[in-house]
Number of protein chains: 2
Amino acid sequence: MGTTPSNTSTAPSGTSRRDEILRVAGELFRRHGYHATSMRELAKRLNLRGASLYAHIDSKEELLREIVDRAADAFLASARGVPCDASPVARLEAFVRGHLRVIEGQIETAAVFFHEWTHLSGPARQHVVERRDAYQAELRAIVAAGVASGDFDVEDVDVATLLTLSTLNWSYQWLDPRGRLPLEELTAFYTEYVLGALGAGKGAQR
Amino acid sequence: MGTTPSNTSTAPSGTSRRDEILRVAGELFRRHGYHATSMRELAKRLNLRGASLYAHIDSKEELLREIVDRAADAFLASARGVPCDASPVARLEAFVRGHLRVIEGQIETAAVFFHEWTHLSGPARQHVVERRDAYQAELRAIVAAGVASGDFDVEDVDVATLLTLSTLNWSYQWLDPRGRLPLEELTAFYTEYVLGALGAGKGAQR
DNA sequence: AGGATAGGCTAACGACCGTTCGTTAGGCAA
DNA sequence: TTGCCTAACGAACGGTCGTTAGCCTATCCT
């Protein structure tokens with residue numbers, strides 16, 4: 001155990017110090033924005049000095065990259081977890097549920113992902129673009145399948161996909177995990193909204 | 001004319017230097033974010049030095065405030081221009097059209113409004129909150145009217161309003177004034193999408 | 001012509017930034 | 001006890017930031 005890497009050091013709560021830094025960074029990045037959050041402020045929140053953070057991380061950008069990566073991976077995994085042998089309506093429903101679950105389960109991470117990812121540069125940025133595109137492609141496939149099966153009635157699959165993503169993506173701005181609506185209920189509202197928009201009417205096959 | 005205030009000085013294109021500063025600031029704030037845009041960079045884009053900007057403006061925050069205010073005012077004016085004696089469907093359609101027109105007509109201003117307004121502080125910030133709330137209230141009134149008239153079929157007017165706003169608000173992320181779809185066509189797609197979501201079906205009264 | 005004004009510049013201020021470096025203290029194993 | 005490692009600190013590096021003050025020039029007005 002003497003060779004344990006430094007990032008497994010234990011913070012009081014049982015999580016690693018590095019995880020704690022990431023968590024607080026996520027909160028601050030979300031609240032103030034990446035560039036308006038200083039390392040000194042982040043350290044202060046952790047009862048440390050700015051310089052001390054570098055015992056655990058390489059750079060500020062690494063924090064952003066890791067937070068954004070986590071969200072991107074979560075969204076993509078969620079989309080990829082949608083059973084592709086289900087009906088388009090059921091798939092759409094699963095997609096929506098997965099989307100909201102990711103946001104609700106890690107609101108800070110998701111919010112930073114949506115709002116701050118463009119501050120990444122180089123390969124990290126490109127990697128995010130790829131995953132966003134892949135995510136959109138998953139949704140597009142569902143919409144297209146719905147159109148092909150007759151469950152959805154849209155004139156332009158690309159636009160319908162964009163509009164659906166728009167509906168889902170803005171939710172980080174107002175979705176409150178402790179809000180008045182339980183997630184299941186919000187998911188039901190969302191699903192009905194989107195299905196209606198896609199022309200799936202209430203009698204659509206599930 | 002010797003008493004002309006300083007902000008009416010003429011830039012090459014015929015607009016005032018101050019307007020030019022605002023325009024370029026809007027572009028840079030949108031592309032890089034407010035905090036990641038420096039006054040030196042803004043000045044450089046205008047072939048000036050950073051310090052020279054203060055002959056025309058009081059502060060960096062004033063730029064942000066003015067850009068955000070313009071967008072907020074435009075959105076609210078647009079919503080208030082919706083004829084309240086029309087059918088709910090027609091009102092909704094006008095709302096959507098107005099929303100997209102504001103964005104399309106000043107994409108930088110709108111994008112900065114959606115993405116950077118939280119960097120404002122004090123009364124300016126509060127003023128934005130008020131206008132955002134007023135804008136949402138206008139939409140809510142339309143949705144509620146549609147429910148009352150039987151044109152819309154939603155279970156929760158507040159949630160339906162939020163979801164509709166979500167659908168509209170994310171468009172600044174992808175709406176390209178020079179994109180493949182003319183605005184009228186995009187508006188038609190958008191209207192159909194939202195009306196469908198609100199349970200207004202294609203036979204709904206217009 | 002002379003004075004006023006506007007707009008631009010340079011230099012500088014005071015504050016802040018992300019990060020590195022040298023050092024210290026505490027913990028652990030041999 | 002000694003030696004090593006980790007985590008944290010203070011000091012500092014090498015900048016950057018928004019902004020102010022003083023100066024200069026061009027233009028306009030009387």
Side-chain angles (χ1 to χ4, degrees), chain A residues 1-25 28-29 31-67 116 119-122 124, chain B residues 1-25 28-29 31-67 116 119-122 124:
Chain A
M1 308 304 289
T3 61
T4 305
S6 65
N7 63 6
T8 62
S9 59
T10 303
S13 66
T15 58
S16 75
R17 174 68 87 176
R18 198 168 185 284
D19 284 340
E20 194 179 19
I21 291 171
L22 277 164
R23 177 179 58 79
V24 176
L28 290 179
F29 289 171
R31 185 175 310 140
H32 302 299
Y34 172 70
H35 280 293
T37 300
S38 73
M39 300 303 268
R40 289 168 175 82
E41 170 66 28
L42 171 57
K44 186 174 172 186
R45 285 302 180 85
L46 293 157
N47 295 308
L48 297 176
R49 298 308 224 154
S52 307
L53 297 174
Y54 295 89
H56 304 271
I57 63 170
D58 289 336
S59 67
K60 185 182 184 185
E61 178 156 335
E62 180 184 292
L63 290 177
L64 181 62
R65 187 175 64 242
E66 197 146 331
I67 291 166
E116 309 288 332
H119 296 306
L120 287 176
S121 55
Chain B
M1 305 303 287
T3 61
T4 305
S6 65
N7 63 4
T8 61
S9 59
T10 303
S13 68
T15 59
S16 75
R17 173 69 86 174
R18 197 170 186 284
D19 285 340
E20 195 180 18
I21 290 172
L22 277 164
R23 177 179 59 79
V24 176
L28 290 179
F29 289 171
R31 185 172 312 137
H32 304 300
Y34 173 69
H35 280 293
T37 299
S38 72
M39 300 303 268
R40 288 169 174 81
E41 170 65 29
L42 171 57
K44 185 173 171 186
R45 286 301 181 87
L46 294 156
N47 294 311
L48 297 176
R49 299 307 223 156
S52 306
L53 296 174
Y54 296 90
H56 305 272
I57 62 169
D58 290 335
S59 66
K60 183 181 184 183
E61 179 156 336
E62 180 184 292
L63 290 177
L64 181 62
R65 189 174 64 241
E66 198 148 327
I67 291 167
E116 307 288 335
H119 295 306
L120 288 176
S121 54

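Worth saying up front: this structure is predicted, and the values here are computed from it rather than measured. A note on names: the letters A, B, ... follow the listed sequences, proteins ahead of strands, and every chain is numbered from 1.
- In summary, B/R18 and B/E66 engage in a salt bridge, as defined by a charged side-chain N under 4.0 Å from a carboxylate O.
- Between B/H119 and B/Y34, the ring planes lie parallel to each other; the angle is under 30°, not in the 30° to 60° tilted range.
- OP1 or OP2 of C/dA6 has not a single side-chain nitrogen or oxygen of B/H56 nearer than 4.0 Å.
- A salt bridge links A/E20 with A/R17: the distance from a Lys NZ or Arg NE/NH1/NH2 to an Asp or Glu carboxylate oxygen falls below 4.0 Å.
- Checking each of B/L53, B/D58, B/L22 against B/L63 for a side chain to side chain contact (heavy atoms under 4.5 Å, CB included) leaves exactly one that passes, namely B/L22.
- Across all strands, B/L48 comes closer than 4.0 Å only to sugar-phosphate atoms, never to a base (heavy-atom distances).
- Considering all non-hydrogen atoms of both residues, B/F29 and B/E116 come closest at O-OE2, 4.0 Å.
- A/I57 has its CD1 atom 10 Å from the P atom of C/dG18, to the nearest Å.
- Residues A/S16 and A/H56 fail the side-chain proximity criterion, which asks for heavy atoms closer than 4.5 Å.
- When rounded to the nearest whole Å, the span between CG of A/L64 and P of C/dG18 equals 13 Å.
- Using a 4.0 Å cutoff on non-hydrogen atoms, the parts of residues 31-44 of chain A near DNA chain C are A/T37, A/S38, A/M39, A/R40, ordered by number.
- Closest to the side chain of B/S52, from the set C/dG18, C/dC9, D/dG18, is C/dC9.
- Contact annotation: A/R17 side-chain N/O to D/dA7 OP1/OP2 distance is not under 4.0 Å.
- Counting all heavy atoms, side chain and backbone alike, B/S52 lies closest to B/L48 at CB-CB, 4.3 Å.
- When the P atom of D/dA7 is taken as reference, atom CG of A/L46 falls 14 Å away, rounded to whole Å.
- Atom C1' of nucleotide D/dG18 and atom CG of B/L63 are separated by 12 Å, given to the nearest angstrom.
- Between A/N47 atom CG and D/dA7 atom P there is a gap of 17 Å when expressed in whole angstrom units.
- Picking from C/dT10, D/dG10, D/dG18 the nucleotide with the shortest atom distance to the side chain of B/A51 gives C/dT10.
- One can place OH of B/Y54 at 18 Å from P of D/dG22, the figure rounded to the nearest angstrom.
- If you take CD1 of B/I21 and C1' of C/dG7, they are 11 Å apart, rounded to a whole angstrom.
- Across the protein-nucleic acid pair, A/L53 atom CG and C/dT20 atom C1' stand 14 Å apart, rounded to whole Å.
- Of the candidate nucleotides D/dC9, D/dA7, C/dC9, C/dC9 has the atom lying nearest to any side-chain atom of B/R49.
- Across C/dT19, D/dG10, D/dT19, the shortest atom-to-atom separation from the side chain of A/K60 is found for C/dT19.
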